[in-house]
K.L.:
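Provided herewith is a single structure, encoded as structure tokens, for subsequent inquiry.
Atom set for the values below is all heavy atoms of this structure, side chains included, hydrogens, waters and symmetry mates excluded. Small disclaimer: the values here were computed from a predicted structure and weren't measured.
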Amino acid sequence: MDTNSPPDSPEAPPQDLWSSILDSVSSSRTIPSKQVLILGQPSTGKSTLASALLNKPPADAGKDEPRTDFALGYDWADVRDEDDTLARLSVYTVPSSARAYTSLVPHFLPPRAPLAHTVIVIVLDWTRPWTFIEDLLTWLGWVEAWAKGDASREGVIAREENRERLHNYLQHYTEPSADPIPATASAMEGTALPLGPGTLTHNAGGVPIVVACTKADLIDGTADSIAGAGASGMGGMVKGKGGEWEERTDGIMQILRTICLKYGAALFYTTQQPTTLQTLRQYALHMLFLPPAPTPDGGAPPRNPFPFEVRPNALDRDRIVVPAGWDSWGKIGVLRDGFDARAWGEAWERELENASESGGADEPRASRMYAALVPDQGHKPPPLPPFNNPTPEQAFLAKNYDENSRRPDNDPRGIFRQPADTQATGVVGPLGSTSFGLPAVERALDEMESGVALLGAARAKSTAAKAGPAFAGTSLLSVDRGGAAPVPRSPTTPTMPGTPGAGSTSNHEVLHNFFQSLLSSKDRAGASAAAAHATRANGGGSGSGTEDG
């Protein structure tokens, strides 16, 4: 072995050294992403809630023009504690329940990945309380469909884990207290009690849901203090403080709490006061950082960096705080006597099953029961005028044909006839005047022929007087076209169309003879003039011969 040979060269570094270093650094400093999806109808206060959740001033503060809603609103902010950035909070806002808007959400929030990092806020407007049930049916049904949108195995596992996490949170919920925790309570922390009746019967995806009723400061207002009381405000429903209106609003709260209990949701009333908005923000962050459900072989779950220390409040009507896990049917019934939470839960189930189409129309449903408690006072468009369905033309004519056919004096052609010719029928259309009837045509034909004959006879007589005895024996009737004697014309009696008879002349023949006589009269007049001219010429010639002789 050669001791003077150089040592072996060091091993070449891997080609992806820098990529591995960058990946390790980026993975160690990855900021988790959290999302809040705000659902609500237009003009319900969604933009105010979005600004409060992001801890930012409202975007339209100090502006007179109304805020413009986009197809899907988006904004973000970093969530920080005293030392570091804990997460990046993204807030999505859906402007309405129209399918054109809700269909965009799965493209930005596919349910598989962000299911465990999303809180959904459903916004209800206290100036339109009669829409609460309808809005909850729309949005809660959409949340269920969105959570079940991914049918893959990974999606099913994600939904089961998320629901188990929410179920575990509801079981171990403890009401915050300023008093020191007693030893008995710490000993019972590991004991999980079963959920009460009507709790978490829905929400298959286990998504944390918050029902936020905005404009709660207008609950006990008057019609004058509510903006748009005639169109969009409560109008005639507002009774003022005390009396029937307080019982009605308490009943609305009990119904909302019963529905929220079925989905494991929380109920919050908010106003323009920053206190109520900050309480909602603290609860949303608390639910976004829920630890996963503990496993049987695992240790203690991680601590939630945002504990919720606000105590539940079901008495102050403008700042209600009912966190998930605290409520129950017993607590709901204490608020007002006579409320049956079980009956309302069953009515909600029938509403979801749409029992009216399956034969259970007589059974009470949530929407009908709620409409009886809170009548609709919303602005409605003016009713359309009744539809004018005219009678078909043929049906109208057939209806009056029989009556008119039985009344001969109701013939519409009679208005065109002269009083003396009501029995005669006109030849030309419905006209019955004497100028177009068959008797008139016959009279005109006879008068014209007799006039032509008299004119020809007069001219022949004068010619014969001048010509002498050569033309004396000529008959007056011999003057005709070409010198031929005319055949005497026998008068014809007009007949009605369709009347059979021997020797009767049809209407077409009468008209043909009439117009032929008009043409022949001109020929007769020309022939008579020619004969007179020839007579004068012959008479003049003979006279000159006599004189010459």
K.L.:
How many angstroms lie between atom CG of L285 and atom CG of L53, to the nearest 0.5 angstrom?
P.N.:
8.0 Å
K.L.:
Please list, chain by chain and in numerical order, all residues satisfying side chain to side chain donor-acceptor pair (under 3.5 Å) with Y370, sequence neighbours excluded.
P.N.:
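Checked Y370 against side chain to side chain donor-acceptor pair (under 3.5 Å); zero matches.
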K.L.:
Can you classify the ring geometry of F108 versus Y92 as parallel (below 30°), tilted (30 to 60°) or perpendicular (above 60°)?
P.N.:
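Aromatic pair F108/Y92 classed tilted.
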K.L.:
Any side-chain heavy atom of I252 within less than 4.5 Å of one from I255?
P.N.:
no
K.L.:
Could you pull out the closest heavy-atom pair between P194 and Q171, with the gap in Å?
P.N.:
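Shortest heavy-atom contact: CA-NE2, 4.1 Å.
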K.L.:
Taking T270 for its side chain and L280 for its backbone only, find out whether a donor-acceptor pair lies under 3.5 Å.
P.N.:
no
K.L.:
Given L352 and L137, is the side chain to side chain contact (heavy atoms under 4.5 Å, CB included) satisfied, shown in steps?
P.N.:
CA-CA 8 Å; L352 295 179; L137 283 170; 3.9 Å; yes
K.L.:
Would you mind reporting whether Y283 and V310 have side-chain heavy atoms less than 4.5 Å apart?
P.N.:
no
K.L.:
Treating E144 as the side-chain partner and N203 as the backbone partner, does any N or O pair qualify as donor plus acceptor under 3.5 Å?
P.N.:
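Yes.
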K.L.:
As an exercise, state the distance from CH2 of W329 to CG of L261, rounded to the nearest 0.5 Å.
P.N.:
8.0 Å
K.L.:
Can you see which heavy atom on T118 is nearest to which on P208, and at what distance?
P.N.:
O-CD, 3.5 Å
K.L.:
With a 3.5 Å distance limit and no angle check, can you tell me whether N162 reaches the backbone of L115 through a side-chain donor-acceptor pair?
P.N.:
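Pair found, side chain donor or acceptor close to backbone of L115.
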K.L.:
Side-chain donor-acceptor pair under 3.5 Å between S90 and Y74, yes or no?
P.N.:
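Checked: S90/Y74 side chains pair up, N/O donor to acceptor below 3.5 Å.
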K.L.:
Do you know the tightest heavy-atom contact between T276 and Y269?
P.N.:
CB-O, 4.1 Å
K.L.:
Would you indicate whether E393, at its atom CD, is surrounded by more than 12 heavy atoms from other residues, nucleotides or ligands within a distance under 6.0 Å?
P.N.:
no
K.L.:
Using modelled atom types and a 3.5 Å cut-off, is there a donor and acceptor pairing between side-chain atoms of R163 and backbone atoms of G206?
P.N.:
no
K.L.:
Counting only heavy atoms not in Q278, do more than 12 sit closer than 6.0 Å to its CD atom?
P.N.:
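Yes - once you tally the heavy atoms of other residues, nucleotides and ligands closer than 6.0 Å, there are more than 12.
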K.L.:
Under 3.5 Å, is there a donor-acceptor pair between the side chain of T199 and the main chain of L195?
P.N.:
no
K.L.:
Nearest 0.5 Å, what's the OG1-CD1 distance between T44 and I122?
P.N.:
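These two atoms lie 11.5 Å from each other.
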K.L.:
For the residue pair R165 and N168, confirm or rule out a side-chain donor-acceptor distance under 3.5 Å.
P.N.:
no
K.L.:
Is the shortest distance from a Lys or Arg side-chain nitrogen in D250 or R317 to a carboxylate oxygen in the other one below 4.0 Å?
P.N.:
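Salt bridge between D250 and R317, a charged N being under 4.0 Å from a carboxylate O: yes.
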K.L.:
Using 4.0 Å as the upper bound for N to carboxylate O, is an ion pair formed by E247 and R336?
P.N.:
no
K.L.:
Please give me the minimum heavy-atom distance between L277 and A52, naming the atom from each residue.
P.N.:
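Scanning both residues, the minimum pair turns out to be CB-CB, 3.7 Å.
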K.L.:
With no hydrogens and no angle check, is any side-chain donor or acceptor of T201 less than 3.5 Å from a backbone partner on G198?
P.N.:
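Between the backbone of G198 and the side chain of T201 there is no qualifying donor-acceptor contact (under 3.5 Å).
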K.L.:
Classify the ring geometry between F308 and H286 as parallel (under 30°), tilted (30 to 60°) or perpendicular (over 60°).
P.N.:
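Tilted.
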K.L.:
Got a donor-acceptor contact below 3.5 angstrom from the D135 side chain to the T138 backbone?
P.N.:
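It does not hold such a pair.
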K.L.:
Considering only heavy atoms from C-beta outward, does the side chain of W126 approach that of L218 to under 4.5 Å?
P.N.:
no
K.L.:
Quick one: does Q282's side chain get under 4.5 Å of P307's, heavy atoms only?
P.N.:
no
K.L.:
Relative to the ring of F289, is the ring of F306 parallel (under 30°), tilted (30 to 60°) or perpendicular (over 60°)?
P.N.:
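Correct class here is tilted.
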K.L.:
Going from CZ on F339 to CD1 on I332, what distance comes out if it is rounded to the nearest 0.5 angstrom?
P.N.:
6.5 Å
K.L.:
Can you name the nearest heavy-atom pair linking L49 to A212, along with the distance?
P.N.:
CD1-CB, 4.0 Å
K.L.:
With side-chain contact (heavy atoms from CB on, under 4.5 Å) as the test, pick out the partner of D78 among L54, N55, T85.
P.N.:
T85
K.L.:
Using distance alone, with no hydrogens and no angle criterion, decide if H117 and K34 have a side-chain donor and acceptor under 3.5 Å apart.
P.N.:
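A donor-acceptor contact under 3.5 Å links the two side chains.
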K.L.:
Is a side-chain donor or acceptor of T271 paired with a backbone partner of A216 at a separation under 3.5 angstrom?
P.N.:
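A pair under 3.5 Å: no.
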K.L.:
I'd like to know if the side chain of D217 and the backbone of I219 have a donor-acceptor N/O pair within less than 3.5 Å.
P.N.:
no
K.L.:
Starting at SG of C260, measure out to CE of M253 and round the result to the nearest 0.5 Å.
P.N.:
11.5 Å
K.L.:
Are I259 and W348 packed together at the side-chain level, in the sense that at least one heavy-atom pair is separated by less than 4.5 angstrom?
P.N.:
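In short, these two side chains touch, coming nearer than 4.5 Å.
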K.L.:
Inspect the surroundings of OH in Y173 and state if more than 12 heavy atoms from other residues, nucleotides or ligands are less than 6.0 Å away.
P.N.:
yes
K.L.:
I would like to know whether I120 and W139 meet side chain to side chain contact (heavy atoms under 4.5 Å, CB included); could you show each step before the answer?
P.N.:
CA-CA 10 Å; I120 294 179; W139 292 121; over 6 Å; no
K.L.:
Do any N or O atoms from the side chain of W130 and from the backbone of L373 form a donor-acceptor pair under 3.5 angstrom?
P.N.:
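Absent.
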K.L.:
Apply the test side chain to side chain contact (heavy atoms under 4.5 Å, CB included) to residues Q254 and W344: give CA-CA distance (whole Å), side-chain angles for both, the deciding distance (0.1 Å), then the verdict.
P.N.:
CA-CA 10 Å; Q254 289 175 309; W344 274 96; over 6 Å; no
K.L.:
Could you check if a side-chain atom of L136 sits within less than 4.5 angstrom of a side-chain atom of L256, using non-hydrogen atoms only?
P.N.:
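A side-chain contact exists here, since the closest heavy-atom pair is under 4.5 Å.
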K.L.:
So how far is it from N313 CG to T279 OG1, rounded to the nearest 0.5 Å?
P.N.:
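It is 10.0 Å, given to the nearest 0.5 Å.
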K.L.:
Do Q41 and S43 meet the criterion of a side-chain donor-acceptor pair at a distance under 3.5 Å?
P.N.:
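There is no such pair (donor and acceptor under 3.5 Å, judged by atom type) between the side chains of Q41 and S43.
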K.L.:
Under 4.0 Å between a Lys/Arg side-chain N and an Asp/Glu carboxylate O for R368 and E351?
P.N.:
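Result for this pair is no, no salt bridge flagged.
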K.L.:
Would you mind reporting whether R80 and L86 have side-chain heavy atoms less than 4.5 Å apart?
P.N.:
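Answer no - side chains too far apart.
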K.L.:
When you look at L39 and V123, which way does the side chain to side chain contact (heavy atoms under 4.5 Å, CB included) test go after all the steps?
P.N.:
CA-CA 6 Å; L39 307 175; V123 183; over 6 Å; no
K.L.:
Which pair of heavy atoms, one from P364 and one from M369, lies closest together, and at what distance?
P.N.:
CB-SD, 3.7 Å
K.L.:
For a 4.5 angstrom cut-off between non-hydrogen side-chain atoms, does L72 reach Y101?
P.N.:
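No - every pair of side-chain heavy atoms lies 4.5 Å or more apart.
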K.L.:
Which residue pairs pass the salt bridge (charged side-chain N to carboxylate O under 4.0 Å, His left out) test with at least one member in residues 318-334, sequence neighbours excluded?
P.N.:
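Salt bridge (charged side-chain N to carboxylate O under 4.0 Å, His left out) check on residues 318-334 returns R257-D327.
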K.L.:
Report yes or no: is the cationic atom of R88 (NZ for Lys, CZ for Arg) under 6.0 Å from the centre of the six-membered ring of W76, at an angle within 45° of the ring normal?
P.N.:
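Here R88 passes the 6.0 Å and 45° test against W76.
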